[in-house]
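Note: hydrogens, waters and symmetry copies are ignored here, and every other heavy atom, side chains too, is used. Numbers restart at 1 for each chain; the letters A, B, ... are given by sequence-line order, proteins then strands. Predicted model only: the values in this text are computed from it and were never measured.
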There are 2 protein chains.
Amino acid sequence: MKPSERHPAGQCQVANDVISLVGDKWSVLVISTLGQGRMRFSELKRAVEGISQKMLTTTLRGLERDGYLIRTAFATVPPRVDYELTALGTELLKPVSALGQWAITNHARVIEARRAYDGRTSSNQPQ
Amino acid sequence: MKPSERHPAGQCQVANDVISLVGDKWSVLVISTLGQGRMRFSELKRAVEGISQKMLTTTLRGLERDGYLIRTAFATVPPRVDYELTALGTELLKPVSALGQWAITNHARVIEARRAYDGRTSSNQPQ
DNA sequence: CAGTATCCCGCATGATACTG
DNA sequence: CAGTATCATGCGGGATACTG
């Protein structure tokens with residue numbers, strides 16, 4: 001059975017395109033942060049805890065390319081660059097936030113499941 | 001401003017725990033596939049196009065540990081192992097599906113944004 | 001059938017240094 | 001300030017072979 005027969009018009013791969021973005025920790029954090037409003041590079045760098053300059057740049061380029069945010073550079077000195085979510089980016093934030101909310105709500109259940117699993121397992125795998 | 005002041009009780013990291021799962025291509029595909037009902041290992045292997053035996057095993061272990069699915073082994077020969085979503089797994093499927101639906105709905109916009117971006121960019125980067 | 005056990009490679013990412 | 005360039009590396013994940 002070919003994939004095209006199981007899923008209409010390769011939507012599976014299509015969805016993965018966006019979903020794998022959500023899998024990218026930095027992308028999610030950047031988009032979420034920008035959900036609070038327009039920000040400049042250095043502000044983002046400070047707001048997104050732990051991100052390196054390189055990864056911030058890379059992430060921003062990717063999100064810009066996919067149309068989730070717009071980049072505005074001012075030809076001043078020192079330079080200033082603002083980043084802001086597009087309508088698309090803002091819309092993406094909805095299902096992503098829903099997922100985040102689910103995560104927050106159900107986190108305890110996952111933690112408990114892990115604890116239980118590890119308890120069951122560690123008896124076979126001493127040390 | 002400390003992170004704890006911006007986000008209540010480190011929920012940011014908490015959410016990432018689940019979200020990064022969604023970032024894992026195989027996890028999403030396995031959970032989605034199991035959304036159709038209980039399946040055995042070999043069925044999953046065939047259903048999830050392109051997954052290696054190793055990754056299927058690894059993915060299933062992770063999902064089991066987090067409480068998204070249950071594993072049932074039959075002491076027959078040849079052995080038979082069934083996998084099935086738990087209530088938690090089924091619930092997770094909702095926000096994940098919503099995201100997938102969003103992806104399918106808006107994929108064209110992303111593609112177009114990329115086309116436009118690449119058009120703008122390639123003029124500076126010949127070849 | 002349902003896994004484990006190895007080997008191995010490529011890329012994502014971090015650290016660091018330099019620049020318009 | 002907002003990047004780019006370069007180097008180093010850890011490990012995700014594929015291929016393959018073996019096993020209860």
Winner on side-chain proximity to Thr57(A), out of dC1(D), dT4(D), dG14(D), is dT4(D)
Separation of dA2(D) atom C1' from Arg80(A) atom CZ, nearest Å, is 12 Å
- Query: How about Arg71(B) and Asp82(B): do any of their side-chain heavy atoms sit closer than 4.5 Å?
  - Reply: no
Taken to the nearest whole Å, CE/Met55(B) to C1'/dG12(D) is 7 Å
Quick note, Gln53(B) side chain, CB onward, closest among dC1(D), dC1(C), dA17(D) is dA17(D)
Arg46(A) atom CZ is separated from dC1(D) atom P, nearest whole Å, by 8 Å
query: Would you say Ser52(A) reaches dG14(C)'s phosphate, i.e. side-chain N/O to OP1/OP2 under 4.0 Å?
result: yes
In whole angstroms, the gap separating C1' of dC1(C) from CZ of Phe74(B) amounts to 13 Å
note: Phe41(B), atom CZ; dG3(C), atom C1'; distance rounded to Å ~ 6 Å
Paired to dG20(C) by Watson-Crick or G-U wobble criteria (both distances under 3.5 Å) is dC1(D)
From CG of Leu60(A) across to P of dC1(D) the rounded distance in Å is 16 Å
Rounded to whole Å, the CZ-P distance (Arg71(B) to dC1(C)) equals 16 Å
### Query
Is any side-chain nitrogen or oxygen of Ser42(B) closer than 4.0 Å to OP1 or OP2 of dA2(C)?
yes
Judged by nearest nucleotide, the residue sitting upstream toward the 5' end of DNA chain D, Lys54(A) or Arg61(A), is Arg61(A)
Looking only at heavy atoms, the pair that brings Leu34(A) and Tyr83(A) closest together is CD2-O, 3.5 Å
Quick note, Arg40(B) side chain, CB onward, closest among dA2(D), dG14(D), dA2(C) is dA2(C)
I'd like to know if Glu43(A) and Arg38(A) make a salt bridge, using a cut-off of under 4.0 Å between side-chain N and carboxylate O.
no
Here the distance between atom P of dA15(C) and atom CG of Leu56(A), to the nearest Å, is 14 Å
The single option from Thr58(B), Leu63(B), Val96(B), Leu60(B) that satisfies side-chain contact (heavy atoms from CB on, under 4.5 Å) with Ser27(B) is Leu63(B)
Testing dG3(C), dG14(D), dC1(C) for proximity to the side chain of Pro79(B), the answer is dC1(C)
Please examine the side chains of Thr33(B) and Met39(B), heavy atoms only from C-beta on, and report whether any two atoms are closer than 4.5 Å. yes
Below 4.0 Å: OP1/OP2 of dC1(D) and any side-chain N or O of Tyr83(A) | no
